[in-house]
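In what follows, a single structure is set out as C-alpha cells and then discussed.
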Protein chains: 2
Amino acid sequence: MTGPDAKKSPTLRDVARAAGVSRTTVSNAFNRPDQLSGAARDRILDIARGLGYHGPNPMARKLRTGRIGAIGVVFGDTLPYAFSDHAAILFLHGVGRACEAAGCSLLIIPTTDQGAAQTTVREALVDGFIVYTTPSEDVVSQVFDRNLPVVTVDRSGVPGVTAVRVDDRAGARSIAEHVIDHGHRRLAIIVPRLSAMGEHSGFVDRARRAAISYAVCADRIGGYLDAAAAAGLDPLTIPIDERPDNHEDAGRAAALNLLSLDPQPTAILAMTDRMALGALRAAREMGLRVPEDVSIAGFDDLPAAAEAAPPLTTVRQPLVEKGEQAAELLFGTRRHTGLHIIETELVVRRSTSPLSAQQSAMPLAGD
Amino acid sequence: MTGPDAKKSPTLRDVARAAGVSRTTVSNAFNRPDQLSGAARDRILDIARGLGYHGPNPMARKLRTGRIGAIGVVFGDTLPYAFSDHAAILFLHGVGRACEAAGCSLLIIPTTDQGAAQTTVREALVDGFIVYTTPSEDVVSQVFDRNLPVVTVDRSGVPGVTAVRVDDRAGARSIAEHVIDHGHRRLAIIVPRLSAMGEHSGFVDRARRAAISYAVCADRIGGYLDAAAAAGLDPLTIPIDERPDNHEDAGRAAALNLLSLDPQPTAILAMTDRMALGALRAAREMGLRVPEDVSIAGFDDLPAAAEAAPPLTTVRQPLVEKGEQAAELLFGTRRHTGLHIIETELVVRRSTSPLSAQQSAMPLAGD
DNA sequence: AGGGGTGTCTTGATCGGTCAAGAAACAATC
DNA sequence: GATTGTTTCTTGACCGATCAAGACACCCCT
C-alpha cells in the first residue's frame, strides 16, 4: 500500500521555505486562521496546494498534542467472527453510539495471531481499550501493560480495572426456574467452549465442569444448577454438552446428542441464543415438536430469537446498552465504579411450555 | 478519560537516566534485544518497570517509522446505523478478513456530525481509506485530500481512484426480467433515498428521477427500467416510491402506498432486501398473499432474505467478498485496476411467481 | 516623545521516539 | 604488533508537527 505519491510528501518546513515564512506561520495558516493576515493565509494555502502538501501530518500533530481520538475494542475472536456474531455486533453498536457522542473513532483490534496480537495491542493508537469477551490472557496482560484506561466486558474482574458484567447467574437461574416451575425435571444444558485450554465436543465430565475458565460460562451454568439444586435436583445428573464454538451448527450438534439420551430431556437450556436456534433446528430434524415434545430456552435475546419458529424463550441482556455503558465508563462520562452489573430479564415466548402428560409419563432419570 | 497515571508517564529518557545508559540503549532493550548484552537488557527492563514505564510510546515510534498499521472505513451513516445494517456488517466482515491477513487493525470512522467529520477524517491515524456507501461529498473530498490510498465502494468512479462496484444495473435488470418473464406488466419500484439533497417520501416524480445522486440507486433503477423498456413498457408509467431510509419500516410504508394504487401492481421490485422485507410485511397486513396476489423481489441477498416468509427472490451480491476485495485492493494484495466490478446473481425463491389468471384479469395500466 | 496595546510573524524548545554513524573495549587473525 | 572484527554502547540528527516566548512594526493615547 504505497501512497499515490511515492516520492515522500512535503512537510510544513518545505511549504514554509517555498512561501518564505516560518513553519509556525504555515502551521497557523492551517490551524489558527486568526493568527495571521488573510492574505498571507491564502497565499500559503495556495503554495501548499501547489507543492502537494495535504495538511499537517496527523501523527506528528497528535504526538505533540496528546489525545488520539480513538478507542480500541479488543476481540477474543477473529475479526470475521466478531462481525458474524450478532451479540458482538449489537455490543459494537452500543460502543459506536457512545463513540459518536464523544467524537471518537473506533479501532477494532484483531487478536487471532497470538504473536502479532501482542504487537498489535502494544502499538494500537488509542486512548483506551475495551476488552470484549475472552482474548487470551497474554493479550489481556498486554493491554494492561499499556497503562491506558481499560474497561473489561464479560470477564471476571481484575482489581483496579473497571468491569462491565451482566448478571448472568441470576439470568440463568431465572430461566431455569421458569422451566422447572413448568414441571420439567429432565433438564439438559448446551454450552460453548468452557475453557481457554482444550477443545472439547460432547458431554462435560466432572473434571471439566471444575475447570471452567470463562466467567460468563461459569456464571450461567452456575445459575442453571443453582435453580436445579433449589428444586431438589442433583446438578451432577444434568447433562451438559459443550461445543467449541458458539454457532447454530454447534447448538444443533449438541442438541442432537442430548436428545438421543434415554430418557430424553424434556427441556434444553442453551447458553446462547445462537446455540438455541441450532437446537430448534435439531429438534425439527428429529421430528420433535417444540415446545410440545421438548422445551428449548436460549440466552441473550438476539433479534433472531423473536423471529424463530417458535419464538424463543430466552433471557434478555441489553447488548447495545452494555456496549454503550462500557464505552461511557471508558470515556469517564459515566461514574466509575469497579464493577458495573447489568440486569437481565426473562423473556417468555413460545419455545417453552409446561410439561405435558405425555412427557411426564416417561421415566424420570435417576428413578 | 485520564490515564490511571495522571502524572505524566516517564519516557525513554527518564529510564535512560535512571539506568545510566543512553536512550538508544533503552530503546534497543525493548525493540532489538540482540543489540545489547542480556544482563544489561534485564537490568534496563527492570528499571523501566520500576519507574512505571510501559514501553515505547506507539505514536512517537510510528512517527519515526512511518507505517501505522490500520485502515479506515468511512461510513456515510452514523456508527450505530452501520452496525444495524446487515449489508454493512457483512461488508465489514470481509474487510476484517483482509485486515486480519494483513496484520492490520480497522478504524471505523463515523461521519455523522458534518463539522466533526471533517477533522475526524483529517486526523484519522490510518494508512488508507475505504469509503463505503455515501458519505457527503465534503467528507469524501476530505478523504481524497489526505492523499492516502483510497478505495471507494458503491460510488461512481472518480478518475485515478480505485473503485469497487457491483454490477447493479445488470443485477437489477435480471430480476426485473425474471418478473417480466413471469408475465408481470404492472411493476412498481421501492427505493431508499435517491439524492444527497432533499428528503422525500412517496412517489418519485420526473424531476427527481433525473436528479439521482447515488450511483447505486441510479444503476439499480436503470436496470429495472432497462428491462421494462426492453419488454415494451414505458418506464415513466412505472411508479417509484422513495423513502428516506433503508429500513424495513420504510419498505413497509412504500409498499402500502404502492399497493393501494388502482390498478394494483402485481410485482414490486424493492431496491434492497431490507425494504423488501418490509414490503412483505405490508402485503401481509393488507391481507395479500405473496406471491399469489403480489410478487415481491429484493436486492442484496441478506441472510434474512432466505429466512423470510416466503423466502425472498432477490439478487445476490457477494457482500463479504466485496469488503475483502476492497481491502485487498487497498493493501495492494490484489492487482490495481481503476474499477473493479463484482458480478451479481439472480436468486429465485418463493416470493415471486408467474402472473396468475386472476391477476391478469385486472386491467393493465395504460390500456 | 514615551508608554501601552494589537496584529503579524519568528525562534528555539519540545513531543517521545528511531536511526545511521561512530567510539571504546576487547578478542582474534596474520 | 598492526590489522581486522565483534560486541556493546553513545552521539547527534531526524520524524513532522505544536507551543511559549519574544521581536518587530504600527497605531492610539496622553
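Looking at A/E123 and B/S105, their side chains never come closer than 4.5 Å, going by heavy atoms from C-beta outward. Using a 4.5 Å heavy-atom threshold, the side chains of B/L92 and B/F75 count as touching. Between B/P318 and B/E324 there is no side-chain heavy-atom pair separated by less than 4.5 Å. Between B/V150 and B/V158, every side-chain heavy-atom pair lies at or beyond the 4.5 Å cut-off. For the pair B/I342/B/H340, no side-chain contact is recorded, criterion being any heavy-atom separation below 4.5 Å from C-beta on.
Between B/V151 and the options B/I71, B/T162, B/V161, B/V131, a side chain to side chain contact (heavy atoms under 4.5 Å, CB included) holds for only B/T162. No option in A/L148, A/V140, A/N147 other than A/V140 meets the side chain to side chain contact (heavy atoms under 4.5 Å, CB included) test with A/F144.
Nearest heavy-atom pair, A/F331 versus A/C104, reported as atom, atom and distance to 0.1 Å: CE2-SG, 3.7 Å. When every heavy atom of B/N246 is checked against every heavy atom of B/D85, the shortest pair comes out as ND2-OD1, 4.5 Å. Nearest heavy atoms, B/P149 versus B/L330: O-CD1, 3.5 Å. In plain terms, the two heavy atoms of B/Y53 and B/P10 that are nearest each other are CD1-O, 3.2 Å.
A residue-by-residue look at A/L12 and B/N28 shows that B/N28 has its nearest nucleotide of DNA chain D further toward the 5' end. Two residues, A/M59 and B/A40, neighbour DNA chain D, and the one matched to the more 5' nucleotide by heavy-atom proximity is B/A40.
For the helix from C/dA1-D/dT30 to C/dC30-D/dG1, the end axes, each set by the C1' atoms of five terminal pairs, are bent relative to each other by 50° (nearest 10°).
As rounded to whole Å, 9 Å separates atom P of D/dA17 from atom CZ of A/F30. The separation between A/K62 atom NZ and D/dC19 atom P is 14 Å, rounded to whole Å. Going from atom CZ of B/R146 over to atom P of D/dA17 covers 11 Å, rounded to whole Å. Residue B/R13 contributes atom CZ, which lies 12 Å from atom P of D/dT11 at whole-angstrom precision. Following rounding to the nearest Å, A/I44 (CD1) and C/dC9 (C1') show an atom-to-atom distance of 9 Å. Summarising the geometry, the separation between CG on B/L63 and C1' on C/dT18 is reported as 10 Å, rounded to the nearest angstrom. For the pair A/H54 NE2 and D/dG16 C1', the interatomic distance rounds to 15 Å; values are reported in whole Å. Separating the CG atom of A/L125 from the C1' atom of C/dC15 is a distance of 15 Å, rounded to the nearest angstrom.
Looking at heavy-atom distances under 4.0 Å, B/Y53 makes contact with sugar-phosphate atoms alone, never a base. Note on B/T25: a base of the nucleic acid sits closer than 4.0 angstrom, heavy atoms only. Within 4.0 Å (heavy atoms only), B/L36 reaches sugar-phosphate atoms of the nucleic acid but no base atom.
A close approach under 4.0 Å does not occur between any side-chain nitrogen or oxygen of B/S22 and OP1 or OP2 of D/dT11. Phosphate contact (OP1/OP2 of D/dT18, side-chain N/O of A/N31, threshold under 4.0 Å): present.
Comment: A/D14 engages A/R17 in a salt bridge, judged by a side-chain N to carboxylate O separation of less than 4.0 angstrom.
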Identify the pairs formed between an N or O of the protein and an N or O of nucleotides 4-7 of chain D at a distance under 3.5 Å, and give each distance.
none

Nucleic acid footprint by protein, nucleotides 19-27 of chain C - heavy-atom cut-off 4.0 Å, B for base, S for sugar-phosphate alone
B--------

